[in-house]
Amino acid sequence: MAAAEVDLTEALARLEAGAPLIDVREQSEWDEVHAPQATLLPMSELQARWAEVPVDDEHPAVVVCHSGYRSAQVVAALERAGVPAVSLSGGMVAWEQSGTPVVRPGSDAAADGERGHEH
């Protein structure tokens with residue numbers, strides 16, 4: 001079964017409607033750049049932490065990685081576990097290329113962007 005996938009326009013609409021954004025990249029990737037509303041849940045920790053992904057049939061989580069490959073794998077695993085989710089096609093590459101806001105270390109937005117991050 002292929003993972004459900006959405007493009008950036010659809011992902012942003014879902015986020016606006018209340019869907020959470022889960023970033024499955026590793027900490028070092030997150031530290032370079034991430035979406036301000038994202039929560040970090042590295043793919044390498046998914047097995048131990050999958051219960052942290054909100055289960056909401058009305059607003060399935062949008063899962064993002066660098067280019068869309070890892071997020072598709074994570075979404076497929078979540079769907080097998082009964083957790084609704086969709087993968088962002090093109091990942092953070094598409095996010096950044098579109099000009100959608102990001103958080104980078106040392107930027108003015110960094111403080112605002114940490115609200116969704118948990119250690």
> What closest approach, in Å, do Ser98 and Thr100 show between heavy atoms, and which atom pair accounts for it?
Replying inline: OG-OG1, 2.6 Å
> Under a single-linkage rule joining Ile, Leu, Val, Met, Phe, Trp and Tyr whose side-chain heavy atoms are separated by less than 4.5 Å, which residues share a cluster with Trp50?
Replying inline: Ile22, Val24, Leu41, Met43, Leu46, Val53, Val55, Val63, Val74, Val75, Leu78, Val83
> What heavy-atom pair brings Ala11 and Val62 nearest, and what distance separates the two atoms?
Replying inline: CB-CG1, 4.0 Å
>> Test of understanding: with salt bridge (charged side-chain N to carboxylate O under 4.0 Å, His left out), list the residues that count as partners of Glu32, not counting sequence neighbours.
In response: none
> How would you list all residue pairs meeting salt bridge (Lys or Arg N to Asp or Glu O under 4.0 Å) that involve residues 2-13, not counting sequence neighbours?
Replying inline: Glu10-Arg14
> Going through the distances and angles, do Asp31 and Arg25 end up as a side chain to side chain contact (heavy atoms under 4.5 Å, CB included)?
Replying inline: CA-CA 10 Å; Asp31 291 345; Arg25 298 174 304 148; over 6 Å; no
> Do Leu21 and Thr39 have side chains that get closer than 4.5 Å, going by heavy atoms?
Replying inline: no
>> Going by the rule side-chain contact (heavy atoms from CB on, under 4.5 Å), which residues pair with Ala4 if we only count those two or more places apart in sequence or in a different chain?
In response: Glu79, Val86
> Atom CG of Asp23 and atom CD of Gln37: how far apart are they, to the nearest 0.5 Å?
Replying inline: 10.5 Å
> Which residue pairs pass the side chain to side chain donor-acceptor pair (under 3.5 Å) test with at least one member in residues 81-97, sequence neighbours excluded?
Replying inline: Ser71-Ser87, Glu96-Arg104
> Can you name the residues that form a salt bridge (charged side-chain N to carboxylate O under 4.0 Å, His left out) with Glu29, not counting sequence neighbours?
Replying inline: Arg70
> Which heavy-atom pair separates Val102 from Pro36 by the least distance, and what is that distance?
Replying inline: CA-CD, 4.0 Å
> Excluding sequence neighbours, so at least two apart, what forms side chain to side chain donor-acceptor pair (under 3.5 Å) with Ser67?
Replying inline: none
>> What I'd like to find out is whether the side chain of His34 reaches to under 4.5 Å of the side chain of Leu40, using heavy atoms alone.
In response: no
>> So Pro42 and Arg49, do their side chains get closer than 4.5 Å, heavy atoms only?
In response: yes
> Considering all heavy atoms of both residues, which atom of Ser44 and which atom of Glu26 are nearest to each other, and what is their separation?
Replying inline: OG-OE1, 2.9 Å
